[in-house]
Amino acid sequence: MPELPEVETVRRGIEPAIRGKRILSAEVIPDPKGIRTLRRVRSAPAFRKNLTNRIIEKVDRRGKYLLIYLNHDEILIIHLGMSGRLLIRRPSDPPDPHTRIIFHLEKKLELRFADPRKFGEVYLFSPALGETAVNPLDLGPEPFDPEITSAWLLSRLAKSSRPIKAALLDQYLIAGIGNIYSDEILHASRIRPDRNASSITREEADRIVRHTRRILKLAISKRGTTAGDGVYRDSRNQPGSFQNHLQVYAREGEGCYHCRSKIASRTIGGRTAHFCPECQK
DNA sequence: ATTGGGACCTGCTCGC
DNA sequence: TGCGAGCAGGTCCCAA
């Protein structure tokens, strides 16, 4: 669900509310079927114990991950998966369905993690407990990182035989792009999603770099995309509005705004790709 | 070594 | 109206 623009919107929503606040307790809601959410977080009791009385220092984002920095050098890392939400609530607010964890904060605030499909994950990094070895954030650079240039991208694509869409979805190449924005970026760049990555030219790589930044920036300003099943919501449970600006995603069978041809959709690299057969070559 | 496909969950929509 | 199949924005793991 949430890609970079959605995660960034959530970050901007929760940061001012929770920064500087003390965590009074972390309430992990038991799930008889097992909680994928806590798969890598040791046991729920240890998780609760380590979060109690920590103070939230800042909220960062890396790719699609949220990093909640706590005092004593601990980092709470949250990935929203497909359907995860982080909601700023009051104790008196009605319960949210599928809530997995409630972080009770001082000043009568709650940060609730709700996730119907349970694809979200929560990690707690505690150097004090020797948990520094694995870093799930060993991702590719952020799309806005100046390190990303057309020459840089071209060199990464040159020796790869996968479709360009699969490459853009690779978080270890560039962090933060998901299925919606990869379709939009390739349409704006006039490149078919099934093109072999090694066939991309310098000029095309330049278009990818520029449109990636432009589209992600625009999507952030529109507070993300709430398309299709409308799963995505921000920290106040509000939808985004970038779905009103989509050129190809979720528009199969409709006319391309540029050439009026019918938008096609087919599976590429295990994901549904949407593209204009006329505009994209 | 890469790459492709299935698995992981639940809820919703569509077609019969 | 009811029900099962198919599908959903992500990532991991395994086999080729």
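Just so we're on the same page: letters track the sequence lines, and every chain starts at 1. Please read all numbers here as calculations on a predicted model, not as lab measurements.
Although no hydrogens or angles enter the test, the distance criterion places no donor-acceptor pair under 3.5 Å between the side chain of A:R266 and the main chain of A:F275. Put simply, the side chain of A:R214 never gets that close to the backbone of A:L218: no donor and acceptor are under 3.5 Å apart. For A:R100 (side chain) and A:A114 (main-chain N/O), no donor-acceptor pair under 3.5 Å exists by modelled atom type. Between the side chain of A:S182 and the backbone N or O of A:N179 there is at least one donor-acceptor pair closer than 3.5 Å.
In DNA chain C, runs of at least 3 stacked Watson-Crick or G-U pairs (N1-N3 plus N6-O4 or O6-N4, or N1-O2 plus O6-N3, all under 3.5 Å) give these stems: B:2-8 with C:10-16, B:10-16 with C:2-8.
Put simply, A:K64 has a side-chain N or O that comes within less than 4.0 Å of OP1 or OP2 on C:dT11. In this structure, A:K118 does not reach the B:dC8 phosphate: none of its side-chain N or O atoms is under 4.0 Å from OP1 or OP2. OP1 or OP2 of C:dG9 sits under 4.0 Å from a side-chain N or O of A:Y249. Regarding contacts with the backbone of B:dG11, a side-chain N or O of A:H98 is found under 4.0 angstrom from either OP1 or OP2. Proximity of A:H79 to the phosphate of C:dT11: a side-chain N or O atom is located under 4.0 Å from OP1 or OP2. A close approach under 4.0 Å does not occur between any side-chain nitrogen or oxygen of A:S83 and OP1 or OP2 of B:dC9. Look at A:S161 and you won't find any side-chain N or O under 4.0 angstrom from OP1 or OP2 of B:dT2. The side chain of A:R271 contributes an N or O atom lying less than 4.0 Å from OP1 or OP2 of C:dG10.
The interatomic distance linking A:Y172 (OH) with B:dT3 (P) rounds to 15 Å, in whole Å. In this structure, A:R117 places its CZ atom 13 Å from P of C:dC7, rounding to the nearest Å. Atom P of nucleotide B:dT3 and atom CG of A:L157 are separated by 11 Å, given to the nearest angstrom. The interatomic distance linking A:R156 (CZ) with B:dT2 (P) rounds to 12 Å, in whole Å. At whole-Å resolution of the value, CG in A:D170 and P in B:dT2 are 11 Å apart. Summarising the geometry, the separation between CG on A:L168 and P on B:dT3 is reported as 13 Å, rounded to the nearest angstrom. The distance from atom CZ of A:R266 to atom C1' of C:dG6 is 19 Å, rounded to the nearest whole Å. For the pair A:L139 CG and C:dG10 C1', the interatomic distance rounds to 13 Å; values are reported in whole Å.
Taking the 5.5 Å centre cut-off and the 30° plane limit, the aromatic side chain of A:Y232 is not classed as stacked on C:dG9.
The shortest side-chain heavy-atom distance between A:V209 and A:W152 does not fall under the 4.5 Å cut-off. Side-chain contact between A:H258 and A:E278 is absent, with no heavy atoms from C-beta onward closer than 4.5 Å.
A:G270 comes within 4.0 angstrom of no nucleic acid atom, judged by non-hydrogen atoms across all strands. Across all strands shown, A:A227 has heavy atoms under 4.0 Å from base atoms, whether or not it also approaches the sugar-phosphate.
Picking from B:dG4, C:dT11, C:dG9 the nucleotide with the shortest atom distance to the side chain of A:T225 gives C:dG9. Relative to the side chain of A:R162, the nucleotides C:dG9, C:dA8, B:dG4 differ in distance, and B:dG4 lies closest. Nearest nucleotide to the A:P116 side chain, out of C:dG9, B:dG11, C:dA8: B:dG11. In this structure, of B:dC8, C:dT11, B:dT3, it is B:dC8 that holds the atom nearest to the side chain of A:F119.
Looking only at atom types and distance, the side chain of A:S150 has a donor-acceptor partner in the side chain of A:R202 under 3.5 Å away.
Remark: the separation of the P atoms in C:dC3 and B:dC9 is 26 Å, to the nearest Å. C:dG9 and B:dC14 have their P atoms separated by 16 Å, given to the nearest Å.
Classified by interplanar angle (parallel below 30°, tilted 30° to 60°, perpendicular above 60°), the ring pair A:Y65/A:H79 is perpendicular.
Counting only residues at least two apart or in different chains, side chain to side chain donor-acceptor pair (under 3.5 Å) contacts with residues 241-250 of chain A are absent.
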